[in-house]
Amino acid sequence: RRPKCNFERQQTHPFHSVISNCFILISGIFQTEKSRKNLDNFFTFLRFSGFLRRLEGKMGLGSSRSAPAPQPKALSVTDSFTPSLEIKPQLIEIKKDSTAPISSPSTADVVLTNVDDKKIKFRFDPVLPAGVTLNFSPTSGSIDRGRSKTVKVTVVLREKKNFNFKITLRIENGSSLFINMKVIAEGGVFGVDPNTLEQVEDNGLRVPRVLVTMKDLIVQKGGFRTEGIFRLAGEQTEILRVKDLMNQNKFDGNTNDVNAISSLLKIWFRDLPVPILNTLPDRTIMNFSADSDCVSAFHTLPEPQKSLLTWLLSFLMEISTHSSVNKMTAQNIAIVIAPNLYDISTPNPMEGLILSQKCAQFLFQLLNAKISGVM
């Protein structure tokens with residue numbers, strides 16, 4: 001009999017974010033409510049089959065059901081998982097011209113270099129979000145040892161919105177690499193340099209007005225007492241409606257969907273031209289061994305990233321103080337917020353998997369330091 005899965009059991013498992021990020025990287029299966037329920041059932045099977053405990057042991061991660069503890073030994077996967085293709089750039093960023101039709105094609109070049117000792121065959125196999133069409137020239141091919149091939153990527157949008165997704169590149173030996181793609185098509189307050197936005201003071205910090213607007217709405221709409229706040233997504237149509245109005249500076253606060261506002265707050269941080277934690281070296285996030293390492297790294301952040309993260313941590317701390325009602329403990333908050341603060345650019349899926357887990361641990365330690373008064 002398949003045991004019933006619930007949020008509290010799923011989210012408190014220390015290895016949950018590793019597995020969930022794996023599925024996000026591979027196929028983006030969180031796109032529908034049905035797929036989320038299927039994943040719930042899959043997690044239940046993994047837990048009861050003992051798979052997670054065995055995988056944790058192989059990866060060197062703890063099996064405690066308490067908060068994820070940082071490991072004293074530095075994690076590194078680059079030696080064990082050296083890709084056979086070098087990809088440049090690892091992030092394709094396209095900014096649409098606001099004066100051009102939204103359906104006008106945009107192009108970018110990707111250079112693939114064979115760093116293996118034999119000829120390699122490849123093919124592109126992307127899982128695309130709705131509203132995006134991609135063409136590759138060539139779609140597949142082969143590259144001799146030590147040689148390079150330039151692939152032209154053509155992007156056509158069917159709707160005016162920002163997109164952030166991964167392109168899968170299949171290699172003949174069965175392995176896969178990822179190319180990150182970011183398309184900015186909207187003007188306004190999402191996906192832009194925060195320094196260009198109107199700033200206001202909130203709790204002694206200068207931050208964009210749109211953040212304070214969303215925070216105030218979450219509080220007014222009862223977000224502190226909403227179970228699963230920041231974990232549960234709002235209605236997609238409402239998210240798009242409110243986002244469009246915010247970008248036009250026409251939003252009057254009229255919404256009854258608090259989860260739509262919390263989703264937009266995550267989207268705002270995710271769509272930043274440079275996500276907050278990307279201003280830190282990868283080795284800082286991968287190799288921290290104590291809470292103090294995270295706090296020290298926090299103090300090296302440049303502005304405005306440092307002020308933005310300070311503001312966010314203060315708000316998340318308020319959310320966590322109501323965890324007896326909203327079920328969002330510091331650990332659960334870190335799991336759902338961390339992916340929006342770090343854009344994993346590595347083409348190596350295993351390296352990205354571990355970085356995702358470490359980012360959640362890093363944010364958890366910062367949030368704990370904020371709650372305990374260390375920061």
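What you see is a predicted model; the values in this text were computed from it and never measured.
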With sequence neighbours excluded, tell me which residues meet ring-ring contact (aromatic ring centres under 6.0 Å, His included) with Phe362. Phe288
Is the side chain of Trp268 donor-acceptor paired with the backbone N or O of Val189 at a distance under 3.5 Å, no angle test? yes
From CA spacing to verdict: side-chain contact (heavy atoms from CB on, under 4.5 Å), Leu211, Leu308: CA-CA 9 Å; Leu211 291 181; Leu308 289 172; 3.7 Å; yes
Should Thr321 and Phe224 count as side-chain neighbours, where that means a heavy-atom distance under 4.5 Å? no
Name all residues meeting the side chain to side chain contact (heavy atoms under 4.5 Å, CB included) criterion together with Arg158; count only those two or more places apart in sequence or in a different chain, and write none if there are none. Thr133
One should read off an interatomic distance between Lys358 NZ and Leu353 CG, to the nearest 0.5 angstrom, of 13.0 Å
side-chain contact (heavy atoms from CB on, under 4.5 Å) evaluation trace for Leu85 with Ile171: CA-CA 9 Å; Leu85 276 180; Ile171 310 299; 3.4 Å; yes
With side chains defined as the heavy atoms from C-beta onward, is the minimum distance between Val155 and Val183 less than 4.5 Å? yes
side-chain contact (heavy atoms from CB on, under 4.5 Å) between Val336 and Asn332, worked out: CA-CA 7 Å; Val336 298; Asn332 290 341; over 6 Å; no
Does Glu303 use its side chain to pair, donor to acceptor, with the backbone of Ser307 at less than 3.5 Å? yes
With Phe315, which residues qualify under ring-ring contact (aromatic ring centres under 6.0 Å, His included), at least two apart? none
Verify, without hydrogens or angle tests, whether Gln199 (side chain) and Pro194 (backbone) share a donor-acceptor contact under 3.5 angstrom. yes
Could you check if a side-chain atom of Val132 sits within less than 4.5 angstrom of a side-chain atom of Leu157, using non-hydrogen atoms only? yes
Quick one: do Val200 and Ile218 end up in the same hydrophobic cluster if we chain Ile, Leu, Val, Met, Phe, Trp and Tyr together by side-chain heavy atoms under 4.5 Å apart? yes
Just verifying a value: how many Å separate Leu169 CG and Ile87 CD1, rounded to the nearest 0.5 Å? 5.5 Å
For residues Asn114 and Ile143, report the shortest heavy-atom separation together with the two atoms involved. ND2-O, 2.9 Å
Check whether any side-chain heavy atom of His322 lies under 4.5 Å from a side-chain heavy atom of Met328, and answer yes or no. no
Name all residues meeting the side chain to side chain contact (heavy atoms under 4.5 Å, CB included) criterion together with Asp343; count only those two or more places apart in sequence or in a different chain, and write none if there are none. Leu91, Asn164, Asn180, Lys182, Pro275, Asn278
Under 4.5 Å between side-chain heavy atoms, counting indirect links through other Ile/Leu/Val/Met/Phe/Trp/Tyr residues: same cluster for Val219 and Ile333 or not? yes
N/O donor-acceptor pair under 3.5 Å between Asp244 side chain and Arg241 backbone: no
Heavy-atom distance under 4.5 Å between the side chains of Phe190 and Asn247, does that happen here? yes
By salt bridge (charged side-chain N to carboxylate O under 4.0 Å, His left out), Glu198 pairs with (sequence neighbours left out) Arg209
Can you name the side chain to side chain contact (heavy atoms under 4.5 Å, CB included) partners of Pro105, sequence neighbours left out? Thr154, Val156
Could you tell me which non-hydrogen atom of Pro339 sits nearest to which non-hydrogen atom of Ala334, and how far apart they are? CD-O, 4.4 Å
Would you call Ile167 and Phe136 a side-chain contact if the rule is heavy atoms closer than 4.5 Å? yes
Would you mind listing every salt bridge (charged side-chain N to carboxylate O under 4.0 Å, His left out) that reaches into residues 261-288, with sequence neighbours excluded? Lys243-Asp271
Enumerate the residue pairs fulfilling salt bridge (charged side-chain N to carboxylate O under 4.0 Å, His left out) with a member in residues 360-375, sequence neighbours excluded, ordered by first and then second residue. none
Tightest non-hydrogen contact, residues Glu201 and Arg206, listed as N-NH1, 3.7 Å
For Met246 versus Val210, what's the shortest heavy-atom pair and its separation? SD-CG2, 4.1 Å
Once you round to the nearest 0.5 Å, how far does CE of Met286 lie from CG of Leu280? 14.0 Å
Extract all donor-acceptor atom pairs below 3.5 Å that involve side chains of residues 250-265 and protein atoms in other chains or at least two apart in sequence.
unit_1: Lys250; atom_1: NZ; unit_2: Gln248; atom_2: OE1; d: 3.3
unit_1: Asp252; atom_1: OD1; unit_2: Asn254; atom_2: N; d: 3.0
unit_1: Thr255; atom_1: OG1; unit_2: Glu238; atom_2: OE2; d: 2.6
unit_1: Thr255; atom_1: OG1; unit_2: Asp257; atom_2: N; d: 3.2
unit_1: Asp257; atom_1: OD1; unit_2: Asn259; atom_2: N; d: 3.1
unit_1: Asp257; atom_1: OD1; unit_2: Ala260; atom_2: N; d: 3.1
unit_1: Asp257; atom_1: OD2; unit_2: Glu235; atom_2: N; d: 2.9
unit_1: Ser262; atom_1: OG; unit_2: Asn259; atom_2: O; d: 3.0
unit_1: Ser263; atom_1: OG; unit_2: Gly234; atom_2: N; d: 3.2
unit_1: Ser263; atom_1: OG; unit_2: Asn259; atom_2: O; d: 2.8

Nearest-0.5 Å distance that lies between atom CG in Leu177 and atom OG in Ser84: 6.0 Å
Using the side-chain hydrogen bond (donor to acceptor under 3.5 Å, both in side chains) rule, collect all pairs that involve residues 136-153, keeping only residues at least two apart or in two chains. Asp109-Lys152, Thr113-Ser148
Would you say Val242 ends up clustered with Leu232 if hydrophobic residues are merged whenever their side chains have heavy atoms under 4.5 Å apart, either directly or through other cluster members? no
I'd like to know if the side chain of Asn368 reaches the main chain of Ala330, judged simply by a donor and an acceptor atom lying under 3.5 Å from each other, with no hydrogens or angles considered. no
Any idea which heavy atoms bring Asn162 and Ile184 closest together, and the distance? OD1-CA, 3.4 Å
Over all heavy atoms of both residues, which pair between Cys294 and Leu366 is shortest? Give the atoms and the distance, please. O-CD2, 3.4 Å
Could you grab the distance from atom OG of Ser103 to atom NZ of Lys96, nearest 0.5 Å is fine? 7.5 Å
I'd like to know whether Ile337 forms a side-chain contact (heavy atoms from CB on, under 4.5 Å) with Leu312, so could you lay out the CA-CA distance, the side-chain angles of the two residues, the decisive distance to 0.1 Å, and finally the verdict. CA-CA 10 Å; Ile337 295 295; Leu312 180 61; 4.2 Å; yes
Nearest 0.5 angstrom please: Phe165 CZ to Ile92 CD1, how far? 8.5 Å
Are the side chain of Ser104 and the backbone N or O of Pro101 linked by a donor-acceptor pair below 3.5 Å? yes
Selection residues 213-226 - residue pairs positive for side-chain hydrogen bond (donor to acceptor under 3.5 Å, both in side chains), sequence neighbours left out: Asp202-Lys215
Within-4.5 Å side-chain heavy-atom neighbours: Met181 and Ile94: yes
Does any donor atom in the side chain of Ser289 or Asp293 lie under 3.5 Å from an acceptor atom in the other side chain? yes
Contacts under 3.5 angstrom, residues 121-128 side chains, donor-acceptor by atom type, not counting sequence neighbours:
unit_1: Asp125; atom_1: OD2; unit_2: Arg170; atom_2: NE; d: 3.2
unit_1: Asp125; atom_1: OD2; unit_2: Arg170; atom_2: NH2; d: 3.4

